[in-house]
Amino acid sequence: MDQAASAPQTISIRLPDGRTLAYDHPVTGADLAADLGPHWTRVALAVRVDGAMKDLLLPIEADATVSLVTADDPGAVELLRHDAAHVMAEAVQELYPGTQVTIGPAIENGFYYDFARTEPFTPEDLPRIEEKMREIVDRDEPIRREVWDRDAAILHFKSIGEHYKAEIIEDLPADEPISVYRQGEWLDLCRGPHLASTARLGKAFKLMKVAGAYWRGDSRNAQLQRIYGTAWASKKQLDAYLTMLEEAEKRDHRRLGREMNLFHLQEEAAGAVFWHPLGWTLYRTLQAYMRRRLEAEGYVEVNTPQLIDRTLWERSGHWEKFREHMFTAAAEEKILALKPMNCPGHVQIFRQGIKSYRDLPLRMAEFGCCHRNEPSGALHGLMRVRAFTQDDAHIFCTEDQITSETLAFCDLLQSIYRDLGFTEVVVKFSDRPAKRAGSDATWDKAEGALREATEAAGLETKLNPGEGAFYGPKLEFVLRDAIGRDWQLGTLQVDFVLPERLEANYVGEDGEKHRPVMLHRAILGSFERFIGVLIEHHAGRLPFWLAPLQVVVATITNQADAYAVQVLAALRAAGIRAETDLRNEKINFKVREHSLAKVPVLLVVGAREQEEGTVAIRRLGGKAQEVVALAEAIAKLTMESLGPSAT
RNA sequence: GCCGGAUUAGCUCAGCUGGUAGAGCGGCUGAUUUGUAAUCAGUAGGUCGGGGGUUCGAGUCCCUCAUCCGGCACCA
């Protein structure tokens with residue numbers, strides 16, 4: 001307003017195309033857009049000032065590199081989602097007076113807002129809220145940023161009954177400006193940035209679900225009501241996302257597990273799996289593969305008891321740290337616990353006899369069935385169960401061997417993931433937590449060794465600061481599946497503590513007793529969970545070598561029955577998992593049925609094949625058929641059946 | 001464990017404000033002998049998740065428990 005009074009100063013704005021515009025007054029992104037032409041006014045959503053996303057209406061008061069953010073900017077959709085959260089909050093407060101707002105960020109694929117309200121929201125409320133949101137978009141309410149005095153802001157929010165907001169302001173760092181966004185009549189504390197008006201949000205959004213969520217993510221706090229939504233720059237993108245969700249639902253392992261007759265779950269054994277013949281075949285095939293890989297890497301396999309007396313768990317520290325997750329059983333005067341982990345058992349085997357440094361590294365593997373009393377709300381199909389079998393192993397080694405053992409492990413793990421069809425692996429490196437055992441020198445050594453090994457293995461790691469186990473640092477291996485979801489499966493943990501507690505030692509070159517280091521490691525994590533991931537990753541279409549039923553021999557008419565039986569015998573003799581389908585049905589029917597059951601290969605035989613001693617190979621999902629001599633087909637399928645890394 | 005929703009035939013689901021259960025697929029039986037994603041006809045099948053209550057009467061309303069689903073917390 002008093003621009004004339006301020007000293008004439010030139011502000012130069014550098015644009016992405018290299019042009020520089022000079023202004024003698026503070027300029028906003030909106031001004032800039034107007035100067036660039038009407039097209040820009042229409043498409044500009046926000047500005048980047050020296051890389052940082054800002055409001056279109058924020059005055060730029062110093063020289064800067066500025067670009068206008070349009071819908072195709074990767075940051076734009078985040079802005080949009082954040083706005084969607086605010087528009088939803090306005091809608092909710094308009095519809096349900098007395099509801100308090102708390103926080104409402106943009107998240108991957110969408111947004112949410114947490115509300116405090118006595119009455120619960122129900123799914124029926126969502127269409128109503130959505131309707132109101134569209135109304136707010138149509139109102140084209142301007143969104144304006146204001147900076148308030150901290151105490152005034154606290155007072156204001158308290159006076160209108162927004163106690164959570166007041167609490168947020170009280171906890172903000174003292175130097176943080178308190179920015180408030182006015183959106184029409186509505187007002188919210190927010191860091192921003194935001195679009196210039198609600199109309200900019202568009203209508204490519206949808207409210208998805210209601211859920212409970214704890215204030216500040218702490219289960220001791222009040223539970224708020226969260227509404228999740230998704231928002232996109234265009235209707236087309238929204239539809240694509242919704243279609244993707246439908247696809248994900250179709251590959252849900254619980255659904256496919258039933259459709260493919262692999263396993264079931266039932267309430268009398270919540271969190272435990274009933275494996276059906278086909279599912280168990282898949283399980284055993286995977287296990288045989290793992291066993292082969294481990295043996296080739298110099299692991300020895302052991303088996304340790306399910307029920308172990310509490311005194312051992314007291315010594316290992318589990319009784320103190322893990323008690324509430326352990327199932328117990330009474331026997332006469334004793335209390336036994338079902339093992340939640342295999343490590344203490346493995347130390348018992350290590351302790352038998354005297355170990356020499358020459359025995360190290362000792363790689364002790366067990367397909368150990370563990371039980372953990374997971375909270376009921378955590379159970380989820382095969383992914384989160386109470387009874388599971390780990391592909392567990394403990395490597396007893398010297399400190400000097402940590403690097404080479406880790407390196408070898410990383411190589412093995414990557415090779416196995418590749419074999420199983422996963423190519424994207426992210427490694428998280430969790431270093432020392434605040435509460436920890438062992439000296440800083442020991443931690444330096446352990447972290448250094450791990451880091452060195454991951455570098456040698458050519459793995460990029462993402463630091464997870466302070467997230468290590470109390471006994472040592474760990475690596476976590478996260479797989480990305482076919483539709484972009486992440487699964488944390490493998491792990492490697494360095495442990496200096498358990499060998500100490502359970503008194504494991506070996507005799508060194510010097511003739512003295514030493515403590516070995518234990519590396520806890522798993523690749524699949526658990527068979528249950530991994531099979532769940534495998535099913536979803538492949539959408540049930542497992543690779544030939546893993547498919548529980550690999551081949552169905554289907555007849556055209558029952559004239560070919562005898563020949564089909566002969567083909568079956570030949571397949572089985574070659575070790576291929578096969579069945580016949582001699583039913584009196586049309587071949588169309590059989591093809592459809594076995595395709596839906598995801599059988600990878602269908603061998604169709606009719607009068608012609610019988611006469612010529614051939615089979616017609618039909619691959620799952622393919623249209624083409626290949627007619628070859630029976631012997632040739634068997635040879636081909638036998639090769640495929642061997643699986644990767646078989647030689 | 002917490003919040004919300006759900007639980008009806010083997011599966012997917014319908015069943016309005018209370019009046020003693022329905023469809024499609026699948027199963028079974030029969031006919032059909034068929035060349036690459038559903039041949040036709042007939043037929044059986046349910047203590048409506050368990051328990052309690054309200055009512056002349058409950059799949060439907062209320063209470064309670066269990067399990068499942070979606071989140072949250074948890075995942076040493």
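Reminder, nothing fancy here: chain letters follow the sequence lines and each chain counts from 1. Fair warning: this is a prediction, and the values are worked out from it, not measured in the lab.
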Specify the separation, in whole Å, of atom CD of A:E585 and atom C1' of B:C28.
13 Å
Have a look at A:N558 and say if it touches a base, only the backbone sugar-phosphate, or nothing, with a 4.0 Å heavy-atom cut-off.
base
Looking for any heavy atom pair under 4.0 Å, which part of the strands does A:H380 touch: base, sugar-phosphate only, or nothing?
sugar-phosphate
Please tell me which of A:S219 and A:A469 maps to the more 5' nucleotide of RNA chain B, matching each residue to the nucleotide holding its nearest heavy atom.
A:S219
In whole angstroms, the gap separating C1' of B:C75 from CZ of A:R529 amounts to 9 Å
Out of B:C74, B:U36, B:C68, which nucleotide sits closest to the side chain of A:A270?
B:C68
Partner of B:U12 by Watson-Crick or G-U wobble geometry, both contacts under 3.5 Å, or none?
B:A23
Please work out if A:K623 contacts a base, only the sugar-phosphate, or nothing of the nucleic acid, heavy-atom cut-off 4.0 Å.
sugar-phosphate
Can you check the distance between B:C11 and B:G27, where both ends of the measurement are the C1' atom (answer in whole Å)?
12 Å
Does any residue of residues 606-614 of chain A have a heavy atom under 4.0 Å from RNA chain B, and if so, which ones, in number order?
A:G606, A:A607, A:R608, A:E609
Please give the distance between the C1' atoms of B:U8 and B:U47 as a whole number of Å.
12 Å
Under the 6.0 Å and 45° cation-pi test, does A:R81 pair with A:F111?
no
Can you tell me the Watson-Crick or wobble partner of B:G45, both distances under 3.5 angstrom?
none
Look at all strands and tell whether A:A616 reaches a base, only sugar-phosphate, or nothing, counting heavy atoms closer than 4.0 Å.
base
Using the six-membered ring of A:Y214, assess whether NZ or CZ of A:R216 lies under 6.0 Å from its centre and within 45 degrees of the ring axis.
no
What interatomic distance, in whole Å, is found between P of B:G70 and the corresponding atom of B:G50?
24 Å
Do you see a donor-acceptor pair shorter than 3.5 Å between the side chains of A:E162 and A:Q93?
yes
Taken to the nearest whole Å, CG/A:L256 to P/B:C11 is 16 Å
Determine the contact category for A:T557: base if any of its heavy atoms lies under 4.0 Å from a base atom, sugar-phosphate if only primed atoms, P, OP1 or OP2 are that close, otherwise nothing.
base
Taking atom C1' in both B:C48 and B:A6, compute the distance separating them and give it to the nearest angstrom.
14 Å
Quick one: does A:Q223 reach the base of B:C2 with a side-chain donor-acceptor pair under 3.5 Å?
yes
Pick base, sugar-phosphate or nothing for A:G217, based on heavy-atom distances below 4.0 Å to the nucleic acid.
sugar-phosphate
Please confirm whether any donor atom in the side chain of A:R220 sits under 3.5 Å from an acceptor in the base of B:C2, or the reverse.
no
Could you give the NZ-to-P distance, from A:K250 to B:U12, as a whole number of Å?
16 Å
Please work out if A:A211 contacts a base, only the sugar-phosphate, or nothing of the nucleic acid, heavy-atom cut-off 4.0 Å.
base
I'd like to know if A:E626 pairs up with A:R618 as an ion pair, taking the criterion as any Lys NZ or Arg NE/NH1/NH2 lying under 4.0 Å from an Asp or Glu carboxylate oxygen.
no
Going by atom types alone, do A:K428 and A:T461 pair a side-chain donor with an acceptor below 3.5 Å?
no
A:D561 CG to B:G35 C1', straight-line distance once rounded to whole Å:
15 Å
Inter-nucleotide C1' distance (B:U60, B:G18), Å rounded:
6 Å
Go through B:U36, B:G5, B:C72 for me and flag the one nearest to the A:P123 side chain.
B:G5
To the nearest Å, give me how far apart CD (A:E124) and P (B:G70) are.
18 Å
For A:E78 and A:A106, which heavy atoms make the closest approach, and how far apart are they?
O-CB, 3.6 Å
With heavy atoms under 4.0 Å as the rule, sort A:R258 into base, sugar-phosphate or nothing.
sugar-phosphate
Below 4.5 Å, heavy atoms only, C-beta onward: do A:I308 and A:L336 meet side chain to side chain?
no
Close approaches to RNA chain B from residues 319-328 of chain A, in residue order (heavy atom, under 4.0 Å)
A:F322
Is A:R254 touching bases, backbone alone, or none of the nucleic acid, heavy atoms closer than 4.0 Å?
sugar-phosphate
So A:R618, base contact, sugar-phosphate only, or nothing? Heavy-atom distance under 4.0 Å.
base
Between B:G52 and B:G59, how far apart are the two P atoms, rounded to whole Å?
14 Å
When rounded to the nearest Å, what value does the distance between C1' atoms of B:C61 and B:U17 take?
12 Å
Base, sugar-phosphate alone, or nothing: which one does A:I587 contact when heavy atoms must sit under 4.0 Å apart?
sugar-phosphate
Assess the side chains of A:Y471 and A:Q493: does a donor N or O sit below 3.5 Å from an acceptor N or O?
yes
d(CD, A:E259; P, B:C25) in whole Å:
17 Å
So, are A:K250 and A:E259 salt-bridged, with charged N and O less than 4.0 Å apart?
no
Distance check, C1' atoms only: B:U33 and B:G45, in whole angstrom units.
30 Å
Counting heavy atoms from C-beta on, name the nucleotide in B:G70, B:U36, B:A73 closest to the side chain of A:P375.
B:A73
A:L596 CG - B:C25 P separation (whole Å):
15 Å
Heavy-atom pair of closest approach, residues A:Y113 and A:T102:
CE2-N, 3.4 Å
Of the candidate nucleotides B:A37, B:U36, B:C72, which contains the atom at the shortest distance from the side chain of A:R592?
B:A37
Donor-acceptor list for residues 318-328 of chain A side chains, cut-off 3.5 Å, not counting sequence neighbours:
from	atom 1	to	atom 2	distance (Å)
A:H318	ND1	A:S316	OG	2.6

In sequence, state the C-alpha distance, the side-chain angles, and the governing distance for A:R254 and A:E249, and then conclude on salt bridge (Lys or Arg N to Asp or Glu O under 4.0 Å).
CA-CA 10 Å; A:R254 291 166 300 188; A:E249 206 179 310; over 6 Å; no
Distance-only side-chain donor-acceptor flag, A:W232 / A:T230, under 3.5 Å
yes
Partner nucleotide, any strand, of B:C2 [Watson-Crick/G-U, under 3.5 Å]
B:G71
First of A:F388 and A:G381 reached from the 5' end of RNA chain B, by closest nucleotide
A:G381
Determine the contact category for A:L224: base if any of its heavy atoms lies under 4.0 Å from a base atom, sugar-phosphate if only primed atoms, P, OP1 or OP2 are that close, otherwise nothing.
nothing
Chi angles and distances behind the salt bridge (Lys or Arg N to Asp or Glu O under 4.0 Å) call for A:D481, A:R251:
CA-CA 12 Å; A:D481 77 6; A:R251 37 172 96 208; over 6 Å; no
For the base of B:G71, is there a side-chain donor-acceptor partner from A:Y214 under 3.5 Å away?
no
Just to be sure I understand the rule, does A:Y112 reach a base, reach only the sugar-phosphate, or reach nothing, if contact means heavy atoms closer than 4.0 Å?
nothing
